[in-house]
K.L.:
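Sharing a structure with you now.
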Amino acid sequence: MTTYDLIIRNGKIVTADSIVQGDIAITDGKIQEVGQSIQGSADRVIDAEGLHVLPGLIDTHVHFNEPGRTEWEGIATGSRSLAAGGATSFFDMPLNSTPPTINKENLDLKKACADEKSVVNPYFWGGLVPENIADLKELHENGVIGFKAFMSPSGIADFNHVDDETIFKGMKEIASLGSLLAVHAESTVICDQLAAEKQKQGKTTARDFVESRPIISEIEAVRRIISYAEATGCKVHVVHASSKKVVDVIQAAKERGVDITVETCGHYLALTVKDLEEKGGLAKCCPPLRDEDEVEDLWAAVANGEINVIASDHSPAPASMKTITDNYFEGWGGISGAQSTLNIMLTEGYFKRNLPLEKIVALTATNPAKLFGLENKGTIAEGYDADIAIVNLEESFELKNEDLFYRHQHSPYVGMTFNGKVKMTIVNGEVVFENGVITAEKTTVAQ
């Protein structure tokens with residue numbers, strides 16, 4: 001009789017293709033067998049009767065700010081919050097940490113922090129800034145998942161946004177490496193001019209801030225990056241699209257053969273301008289939240305398969321930086337949401353809008369693994385890494401501040417009632433979160 005490290009029995013196993021009742025046998029961090037009534041024993045057996053077993057989320061867009069700004073978040077608290085939300089891997093953005101990840105030396109600093117502190121699998125974006133085109137090849141050779149550029153000011157002094165010449169040259173280099181470029185796509189000209197006009201007129205409400213960063217600003221930048229992609233052959237990934245109108249432009253480019261993909265985030269699917277007005281700085285982000293009709297249209301794009309990835313864009317900051325009184329142009333623009341992505345997709349997607357669980361798995365795990373070349377991740381199958389989230393769809397809860405594992409226990413989702421609760425998260429075969437508690441201080445990270 002075969003002995004395994006872990007067997008999960010009787011769960012409803014969800015992949016991008018199907019939902020089947022069965023067992024999962026795990027040894028040495030790998031899934032050894034998936035099937036009905038697996039024979040054998042294990043050091044631990046988990047009875048998942050009545051529960052759904054999903055591939056762990058791969059959050060492709062987080063800002064954990066370490067090294068240099070751990071007072072904002074840090075890898076220890078950030079990775080634990082992901083584990084509590086059913087995520088088993090993250091891609092850390094190259095900015096907000098000091099120094100930013102724009103060369104090998106700085107990448108090595110970030111890797112060392114993650115090796116010491118992360119309880120889930122870490123991956124890293126490299127930055128594209130005006131001063132580092134010569135460093136892109138070395139960053140790629142040392143394992144960055146891709147490159148990130150801002151087409152408008154990032155808000156971080158040591159991570160400069162790219163002008164058109166820089167981004168074009170950078171894209172040619174990235175294409176030659178066989179990598180891809182992720183872009184924050186907003187028009188500097190449109191946003192800066194509108195913001196200046198608003199503030200000069202004393203118009204500083206939440207609505208004024210949103211109107212200063214209109215959807216057409218995203219569309220203008222996306223159209224520009226598409227033209228550069230066509231000219232250079234560089235693969236492009238547009239992050240945090242806030243509107244289906246943006247997605248439509250990308251979809252048209254896809255249909256004519258441009259190698260481009262798009263991400264949206266939980267906050268654009270669950271929150272509106274009204275939340276920004278009511279919750280203040282906790283709900284401020286860039287691009288900003290949109291109105292309810294835009295939220296519904298974005299869900300339609302999700303249902304139609306026009307969105308490739310759902311990520312959190314977790315961009316935390318201390319409460320002092322999120323406090324807004326009467327001027328919404330002040331205050332840090334970033335939402336704390338890494339712990340809630342699956343909750344949003346289940347509550348707002350599966351329960352409210354009948355989005356199939358298989359599609360949720362595709363958007364949060366299978367697609368990210370395929371898109372970014374993560375072999376042996378993103379699904380539940382023999383030979384794959386045992387990265388798993390076990391969820392009780394019958395359990396609902398109200399999110400409270402004390403439930404959050406973030407360094408700063410605030411989020412615009414606090415007070416919301418979610419349907420579907422993460423009961424357990426398994427990373428590389430090790431239970432790291434169980435019934436509200438982090439159970440492993442440091443996981444063995446798959447290479």
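The first residue in the sequence is number 1, and the count goes up from there. What you see is a predicted model, and the numbers here were worked out from it, not measured in a lab.
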K.L.:
Taking all heavy atoms of D275 and all of A283, pick out the closest pair and write down the distance.
P.N.:
O-CB, 4.0 Å

K.L.:
With a 4.5 Å limit on heavy-atom distance, are the side chains of Q339 and F405 in contact?
P.N.:
yes

K.L.:
State, without any angle test, whether E218 and S242 hold a side-chain donor-acceptor pair at a distance under 3.5 Å.
P.N.:
yes

K.L.:
Side chain to side chain contact (heavy atoms under 4.5 Å, CB included) with V249: which of V262, I226, I260, V238?
P.N.:
I226

K.L.:
Assess whether ring pair (Phe, Tyr, Trp, His ring centres under 6.0 Å) is satisfied between Y406 and H314, documenting all intermediate values.
P.N.:
CA-CA 10 Å; Y406 310 141; H314 179 68; 4.8 Å; yes

K.L.:
Report, as yes or no, whether the 6.0 Å neighbourhood of atom CD on E375 holds more than 12 heavy atoms from other residues, nucleotides or ligands.
P.N.:
no

K.L.:
Work out which heavy atom in I75 is nearest to a heavy atom in S118; give both atom names and the distance.
P.N.:
CG2-CB, 3.7 Å

K.L.:
Is any side-chain heavy atom of D293 less than 4.5 Å from a side-chain heavy atom of K244?
P.N.:
no

K.L.:
Which heavy-atom pair separates S179 from G146 by the least distance, and what is that distance?
P.N.:
OG-CA, 3.6 Å

K.L.:
Are more than 12 heavy atoms, taken from residues, nucleotides or ligands other than K423, located less than 6.0 Å from that residue's NZ atom?
P.N.:
yes

K.L.:
For K203, does the NZ atom have more than 12 heavy-atom neighbours from other residues, nucleotides or ligands under 6.0 Å away?
P.N.:
no

K.L.:
In this structure, which one of L357, L51, L342 forms a side chain to side chain contact (heavy atoms under 4.5 Å, CB included) with V391?
P.N.:
L342

K.L.:
Picking from I24, I8, L6, what satisfies side chain to side chain contact (heavy atoms under 4.5 Å, CB included) with I31?
P.N.:
I24

K.L.:
What closest approach, in Å, do V432 and A83 show between heavy atoms, and which atom pair accounts for it?
P.N.:
CG2-CB, 4.0 Å

K.L.:
Heavy-atom count around Q21 CD within 6.0 Å, excluding the residue itself: above 12?
P.N.:
yes

K.L.:
For M416 and E398, what are the C-alpha separation, side-chain angles and deciding distance, and is it a side-chain contact (heavy atoms from CB on, under 4.5 Å)?
P.N.:
CA-CA 6 Å; M416 293 176 66; E398 178 185 330; over 6 Å; no

K.L.:
Among L374, D92, T60, which residue satisfies the side chain to side chain contact (heavy atoms under 4.5 Å, CB included) criterion with Y123?
P.N.:
L374

K.L.:
Under 4.0 Å between a side-chain nitrogen and a carboxylate oxygen: does that hold for D164 and R224?
P.N.:
yes

K.L.:
Check the pair F372, H237 against side-chain contact (heavy atoms from CB on, under 4.5 Å), reporting the backbone distance first and the verdict last.
P.N.:
CA-CA 10 Å; F372 295 99; H237 182 64; 4.0 Å; yes

K.L.:
Are a donor atom and an acceptor atom from the side chains of K370 and N308 found within less than 3.5 Å of each other?
P.N.:
no

K.L.:
Verify salt bridge (Lys or Arg N to Asp or Glu O under 4.0 Å) between K245 and E294, making sure each step is shown before the conclusion.
P.N.:
CA-CA 9 Å; K245 296 180 179 71; E294 292 291 343; 2.4 Å; yes

K.L.:
Taking the basic N atoms (NZ, or NE/NH1/NH2) and the acidic carboxylate oxygens, is any pair closer than 4.0 Å for E66 and K117?
P.N.:
yes

K.L.:
Between the side chains of S97 and N65, does any donor sit under 3.5 Å from an acceptor?
P.N.:
no

K.L.:
So is K377 actually on top of Y384's ring, under 6.0 Å and inside 45° of the axis?
P.N.:
no

K.L.:
Can you find a heavy atom in the side chain of L393 that is under 4.5 Å from one in the side chain of L346?
P.N.:
yes

K.L.:
What do the steps show when you test D385 against D387 for side-chain contact (heavy atoms from CB on, under 4.5 Å), and what is the final call?
P.N.:
CA-CA 6 Å; D385 294 339; D387 292 345; 4.0 Å; yes

K.L.:
So which of H161, H63, H240 actually passes ring pair (Phe, Tyr, Trp, His ring centres under 6.0 Å) with H184?
P.N.:
H240

K.L.:
Could you walk me through whether D108 and K104 satisfy the salt bridge (Lys or Arg N to Asp or Glu O under 4.0 Å) test, starting with their C-alpha distance in whole Å, then the side-chain angles of each, then the deciding distance to 0.1 Å, before giving a yes or no?
P.N.:
CA-CA 6 Å; D108 288 343; K104 180 183 180 298; 2.7 Å; yes

K.L.:
What I'd like to find out is whether the side chain of S18 reaches to under 4.5 Å of the side chain of E358, using heavy atoms alone.
P.N.:
no

K.L.:
Do S243 and R290 have a side chain donor and acceptor closer than 3.5 Å?
P.N.:
no

K.L.:
Using distance alone, with no hydrogens and no angle criterion, decide if N343 and Y413 have a side-chain donor and acceptor under 3.5 Å apart.
P.N.:
no

K.L.:
Ignoring hydrogens and geometry beyond distance, is a side-chain donor-acceptor pair present between E263 and H61 at under 3.5 Å?
P.N.:
yes

K.L.:
With a 4.5 Å heavy-atom cut-off, do K235 and I174 have their side chains touching?
P.N.:
no

K.L.:
Decide yes or no on salt bridge (Lys or Arg N to Asp or Glu O under 4.0 Å) for R213 and D208, but give the supporting numbers first.
P.N.:
CA-CA 9 Å; R213 305 184 85 99; D208 291 320; over 6 Å; no

K.L.:
If you apply the rule side chain to side chain donor-acceptor pair (under 3.5 Å), what do you find for N10 with D47, and how did you get there?
P.N.:
CA-CA 6 Å; N10 308 313; D47 184 3; 3.3 Å; yes

K.L.:
Can you tell if the side chain of P55 reaches within under 4.5 Å of the side chain of T15, non-hydrogen atoms only?
P.N.:
no

K.L.:
Any non-hydrogen side-chain atom of Y268 less than 4.5 Å from a side-chain atom of L289?
P.N.:
yes

K.L.:
Should Y350 and M345 count as side-chain neighbours, where that means a heavy-atom distance under 4.5 Å?
P.N.:
no

K.L.:
Can you establish whether the number of heavy atoms outside E296 located under 6.0 Å from its atom CD is more than 12?
P.N.:
yes

K.L.:
Verify side-chain contact (heavy atoms from CB on, under 4.5 Å) between F64 and T77, making sure each step is shown before the conclusion.
P.N.:
CA-CA 9 Å; F64 286 164; T77 49; over 6 Å; no

K.L.:
Are there over 12 heavy-atom neighbours, none belonging to E292, within less than 6.0 Å of that residue's CD?
P.N.:
no

K.L.:
Can you see whether F124 has K110 sitting over its ring - NZ or CZ less than 6.0 Å from the centre and within 45° of the normal?
P.N.:
no

